[in-house]
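Have a look at the structure below, then the notes.
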Number of protein chains: 2
Amino acid sequence: MPVTYDLNTEGELSAQIAAAIRDAIVAGRLIVDERLPSEAELAEQFEVSRPTVREALKRLAAQNLIRTQRGATGGAFVNRLRYEDAYGQQITTSTLLLSMNEVDFDTACEARYALERACVPLAALRRGADHLAAMRAEIHRQAQPGLSDESFCASDVAFHRALVDAAGNPVLSYHLAGAVEAMQPLMNMITFTARSRQRIVDLHTAIADALEAGEASRAEMALADLAAYTVALARDLRARRATRHGAAPAG
Amino acid sequence: MPVTYDLNTEGELSAQIAAAIRDAIVAGRLIVDERLPSEAELAEQFEVSRPTVREALKRLAAQNLIRTQRGATGGAFVNRLRYEDAYGQQITTSTLLLSMNEVDFDTACEARYALERACVPLAALRRGADHLAAMRAEIHRQAQPGLSDESFCASDVAFHRALVDAAGNPVLSYHLAGAVEAMQPLMNMITFTARSRQRIVDLHTAIADALEAGEASRAEMALADLAAYTVALARDLRARRATRHGAAPAG
DNA sequence: AAACATTTAATTGTCTGACAAATCGAACCG
DNA sequence: CGGTTCGATTTGTCAGACAATTAAATGTTT
């Protein structure tokens with residue numbers, strides 16, 4: 001039985017068509033791996049030209065809702081939304097949201113550490129050897145002397161992703177991917193001294209140790225310390241910038 | 001100075017062009033409200049036809065990265081990603097992720113309550129009169145007798161969104177929008193008896209009371225109870241279904 | 001001079017028709 | 001039986017055209 005679509009009557013045709021097909025997917029009238037009619041058939045059904053149909057399909061492809069294949073048995077197929085793809089969308093959306101709305105560092109940081117804290121009890125319960133090893137490896141990297149600030153930040157992100165993944169809940173990992181990754185551009189604006197790096201490494205070690213021991217509350221405390229320290233670092237940076245660009249330092 | 005774009009050399013042209021422009025936006029080479037060259041100019045720059053450019057632009061429009069306007073001073077403009085739009089994308093992505101990957105109820109539920117728990121301390125600190133009023137209003141609605149299961153679920157979602165918003169952190173609200181809303185389809189499969197509704201209303205009340213009193217730990221406990229009860233409800237439902245479709249009930 | 005109406009130019013939205021590229025299946029041949 | 005060729009189908013891209021929309025320039029009237 002052919003799938004039927006409901007069209008709105010406002011806005012561009014390609015947007016209407018895309019919305020109609022998307023609704024059909026979300027509502028389950030089009031199921032995973034099902035093939036949509038060919039572009040020519042869709043054009044006929046919707047009574048539009050093929051380019052218009054194509055623009056609609058590209059909209060859906062941009063959201064990973066469909067994939068297209070050329071050739072005789074090709075066409076557009078409903079995509080199973082994979083965790084990986086969802087991660088990616090999550091990260092770009094979060095990054096843009098932060099960068100384009102001038103979200104202040106404290107707010108973003110607060111959100112991130114609040115969310116990570118939610119993972120700690122589960123991570124303490126389920127952390128596997130692989131997750132612990134990943135965390136240790138990143139800690140080791142962070143302690144290396146000649147590391148650039150950028151690499152340090154990247155390793156920081158990797159550490160926290162390992163922490164999140166240690167909770168063993170893919171839905172949780174998905175939701176936190178954006179929160180953790182989107183902070184990287186903001187963190188990259190900080191210059192880490194040898195002393196501040198050491199402090200961070202110590203706190204990371206404390207977190208890993210606590211998780212390995214299965215002590216959630218100790219890990220939460222270390223995480224809270226880390227959050228406070230990160231906010232303080234950013235605050236210092238802002239203060240230094242303000243004095244440099246404004247009046248002379250008070251001290 | 002004209003913005004320059006880097007092209008990959010694999011995949012479809014429209015995807016390459018979309019990626020190039022998206023990168024330019026993410027990297028800040030194209031700033032908010034800046035106008036892109038006209039489709040004809042883009043076609044010239046990228047040495048492709050206008051339909052190809054248009055497909056690329058539609059991909060970006062689908063992600064709310066640009067908006068287009070017709071007319072003399074029209075064109076494609078870089079969009080400021082608004083929280084609202086980000087919420088929407090987050091919700092549809094999360095919903096699809098859950099529905100298409102057969103995520104079991106327990107996993108999704110665990111993730112949701114873990115994330116909500118992260119909001120509680122902040123909500124206890126900052127909850128405003130409006131948030132509390134919204135929560136009370138939803139509790140009141142949930143206690144009404146003739147309410148359909150669907151409306152009950154919708155009200156449940158509204159209650160939890162109010163809880164999340166009470167934390168007063170828009171970034172946190174954004175991240176949790178998906179987690180809370182995407183549960184609704186799963187919750188809708190549950191039939192709520194009068195007794196289970198009463199239990200949920202009681203727990204919601206306990207949460208609201210605790211937040212009003214600023215007692216985070218009490219609210220966290222009530223939330224944990226609610227999580228456990230929800231999981232138990234779903235488990236009961238599964239068990240009943242299994243007996244109905246399989247062997248006779250044991251009791 | 002000011003207010004209003006008209007024209008004009010620029011730009012996106014859509015259509016038509018065509019061809020290229022990829023891909024599968026079937027017919028064909030060794 | 002295995003490999004090859006050919007044809008059919010479908011998406012990807014192109015070229016050119018016209019419609020719809022919008023803002024600015026222009027002209028007209030008061």
Side-chain angles (χ1 to χ4, degrees), chain A residues 2-3 5 7-22 24-25 30 32-79, chain B residues 2-3 5 7-22 24-25 30 32-79:
Chain A
V3 175
Y5 308 93
L7 275 182
N8 290 339
T9 52
E10 53 187 34
E12 302 158 20
L13 284 173
S14 67
Q16 289 176 39
I17 294 168
I21 297 176
R22 187 185 55 231
I25 294 174
L30 288 169
V32 168
D33 290 335
E34 184 171 344
R35 182 182 175 279
L36 278 81
S38 72
E39 295 176 354
E41 287 173 312
L42 285 172
E44 215 175 334
Q45 283 185 35
F46 287 111
E47 297 178 325
V48 297
S49 67
R50 194 160 83 94
T52 302
V53 167
R54 283 183 60 81
E55 288 181 8
L57 294 181
K58 293 313 157 200
R59 293 180 116 106
L60 300 175
Q63 298 172 290
N64 279 312
L65 287 176
I66 60 169
R67 64 182 180 277
T68 54
Q69 240 177 347
R70 287 215 266 202
T73 59
F77 298 85
V78 178
N79 240 347
Chain B
V3 176
Y5 308 94
L7 274 182
N8 289 340
T9 53
E10 54 185 34
E12 303 157 20
L13 284 174
S14 66
Q16 289 177 39
I17 293 167
I21 297 176
R22 187 184 54 230
I25 293 174
L30 288 168
V32 167
D33 290 334
E34 184 170 343
R35 183 183 175 281
L36 291 154
S38 73
E39 296 177 354
E41 288 173 311
L42 285 173
E44 217 175 333
Q45 283 184 35
F46 286 111
E47 296 178 325
V48 297
S49 67
R50 195 159 83 91
T52 302
V53 167
R54 282 184 61 80
E55 287 180 7
L57 294 180
K58 293 311 159 201
R59 293 179 117 106
L60 300 175
Q63 297 171 288
N64 280 311
L65 287 176
I66 61 168
R67 63 181 181 279
T68 55
Q69 243 178 346
R70 288 215 267 203
T73 60
F77 298 85
V78 178
N79 242 347

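Values below: all heavy atoms of this structure, side chains included; hydrogens, waters and symmetry mates excluded. Just so we're on the same page: letters track the sequence lines, and every chain starts at 1.
- In this structure, the CG atom of B:Leu42 is 17 Å from the P atom of C:dA10, given to the nearest Å.
- Remark: C1' of D:dT10 and CZ of A:Arg67 are 15 Å apart, rounded to the nearest angstrom.
- Here B:Glu44 does not pair with B:Arg50 in a salt bridge; the nearest charged N to carboxylate O distance is not below 4.0 Å.
- Side chains of B:Gln16 and B:Leu13 form a contact here, defined as non-hydrogen atoms less than 4.5 Å apart.
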How would you summarise protein contacts on nucleotides 11-18 of chain C per nucleotide, using B for base, S for sugar-phosphate only and - for none, with heavy-atom distances below 4.0 Å? BBBBBB-B
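- Note: B:Leu60 CG to A:Arg59 CZ = 10.5 Å, rounded to the nearest 0.5 Å.
- One end of the helix from C:dA1-D:dT30 to C:dG30-D:dC1 points its axis 10° away from the other end's axis, with each axis taken from 5 pairs and the angle rounded to 10°.
- The distance from atom CD1 of A:Ile25 to atom CD of A:Glu34, rounded to the nearest 0.5 Å, is 9.5 Å.
- Shown here for A:Arg67 and A:Val78, the closest heavy-atom pair between the two residues is NH1-O, 3.3 Å.
- Here the side chains of A:Glu55 and B:Leu57 are not in contact, with every heavy-atom distance at 4.5 Å or above.
- The shortest non-hydrogen separation linking B:Ala56 to B:Ser14 is CB-O, 3.3 Å.
- Rounding to the nearest 0.5 Å places CZ of B:Phe77 at 15.5 Å from CG of B:Leu65.
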